[in-house]
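Read the structure below first, then the notes.
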Amino acid sequence: MGATGSRTSKRALAAEVWKLMADFSSANFRRSAQARLMEESGLTPAHFRALSIIDPDEPRPMRAMASALCCDASMATWLVDRLEERGLVERQTPPNDRRVKTVVLTPLGIRTRERLRESFYDPPDALESLRNELRKLPSPPRHEEGTC
């Protein structure tokens with residue numbers, strides 16, 4: 001097989017592996033602890049993303065929220081409204097500019113965000129099977145002292 005055929009098959013292999021990983025990730029998310037926590041809290045992934053970009057020590061202006069979320073101001077307002085209804089954030093008016101509204105996490109918002117973050121990194125049980133299969137692959141030879 002020539003260099004072009006090798007690149008094509010590597011590309012096809014990479015595309016297939018990437019698709020399988022994406023499908024696995026998507027299917028696993030629906031069954032994850034994070035999805036259950038979000039559902040119990042009445043939140044969506046967009047709400048979690050909004051919670052994630054707010055620094056508890058630094059209120060964020062609504063315009064900056066919209067920019068960081070890559071959405072228009074009305075969508076950011078809608079998300080903040082839902083978070084505020086659940087007691088997770090509150091709007092504040094900075095004393096130096098009463099025209100601006102900032103968003104800050106409440107103590108409940110901080111706890112909720114941390115629980116969601118922790119659950120996000122809880123690996124799915126199915127990864128044990130993947131690990132077992134990867135362990136079957138050849139390992140690089142061990143280097144002994146004095147060899148390069």
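Other residues, nucleotides and ligands contribute at most 12 non-hydrogen atoms within 6.0 Å of the CZ atom of R98. For CE of M75, the number of neighbouring non-hydrogen atoms (other residues, nucleotides, ligands) closer than 6.0 Å is 12 at most. Atom CZ of R63 has 12 or fewer neighbouring heavy atoms from other residues, nucleotides or ligands inside a 6.0 Å radius.
Under the 4.5 Å side-chain heavy-atom criterion for Ile, Leu, Val, Met, Phe, Trp and Tyr, L13 and L20 are members of distinct hydrophobic clusters. L134 and F24 fall within a single hydrophobic cluster, where Ile, Leu, Val, Met, Phe, Trp and Tyr side chains are chained together by heavy-atom contacts under 4.5 Å. Residues V100 and L79 do not share a hydrophobic cluster, defined by chaining ILVMFWY side chains whose heavy atoms lie under 4.5 Å apart.
Between the CG atom in L105 and the CD1 atom in I110 there is a gap of 5.5 Å [rounded to 0.5 Å]. To the nearest 0.5 angstrom, M38 atom CE is 11.0 Å from E40 atom CD. Of the inter-residue distances, the one linking R60 atom CZ with S67 atom OG reads 8.0 Å to the nearest 0.5 angstrom. Atoms CG and CH2, from D72 and W78 in turn, are 12.5 Å apart once rounded to the nearest 0.5 Å. Between the CD1 atom in I54 and the CZ atom in R49 there is a gap of 12.0 Å [rounded to 0.5 Å]. Note that the CG atom of N132 and the CG atom of L127 stand 11.0 Å from one another [nearest 0.5 Å].
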Original post:
Which is it for V103 and L83 under the side-chain contact (heavy atoms from CB on, under 4.5 Å) test, yes or no, and what are the steps along the way?
Top reply: CA-CA 10 Å; V103 181; L83 294 172; over 6 Å; no
Subject >> Verdict with supporting geometry, E114 and R117, salt bridge (charged side-chain N to carboxylate O under 4.0 Å, His left out) >> reply: CA-CA 5 Å; E114 291 312 308; R117 280 184 175 169; 3.6 Å; yes
**OP:** Begin from the C-alpha positions of V89 and L51 and carry the test side-chain contact (heavy atoms from CB on, under 4.5 Å) through to its verdict.
**Re:** CA-CA 8 Å; V89 301; L51 285 174; 4.2 Å; yes
Original post:
side-chain contact (heavy atoms from CB on, under 4.5 Å) between L43 and T112: does it pass, once the steps are laid out?
Top reply: CA-CA 10 Å; L43 302 175; T112 301; 4.1 Å; yes
Subject >> Stepwise side-chain contact (heavy atoms from CB on, under 4.5 Å) check, T102 with M62 >> reply: CA-CA 6 Å; T102 59; M62 290 295 292; over 6 Å; no
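In this structure, A76 and C71 approach most closely via the heavy-atom pair N-SG, 3.7 Å. Residue D97 comes nearest to T93 through the heavy atom pair O-CG2, 4.2 Å, listed as atom of the first residue, atom of the second, then distance. Between V104 and Q92 the shortest heavy-atom distance is CG1-NE2, 3.3 Å. T106 approaches G87 most closely through the heavy-atom pair OG1-O, 2.5 Å.
We find that E133 and K136 are joined by a salt bridge, their nearest charged nitrogen and carboxylate oxygen being less than 4.0 Å apart. Ionic pairing of R82 and E85 is present here: one or more N-O contacts between side-chain nitrogen and carboxylate oxygen are shorter than 4.0 angstrom.
Side chain of R86 to main chain of S41: a donor-acceptor pair is present (N/O by atom type, distance under 3.5 Å, no hydrogens or angles). Not one N or O on the side chain of R115 forms a donor-acceptor pair closer than 3.5 Å with the backbone of Q34. Looking only at distances, a side-chain donor or acceptor of T77 sits under 3.5 Å from a matching main-chain atom of A73.
Between P56 and R113, some side-chain heavy-atom pair lies under the 4.5 Å cut-off.
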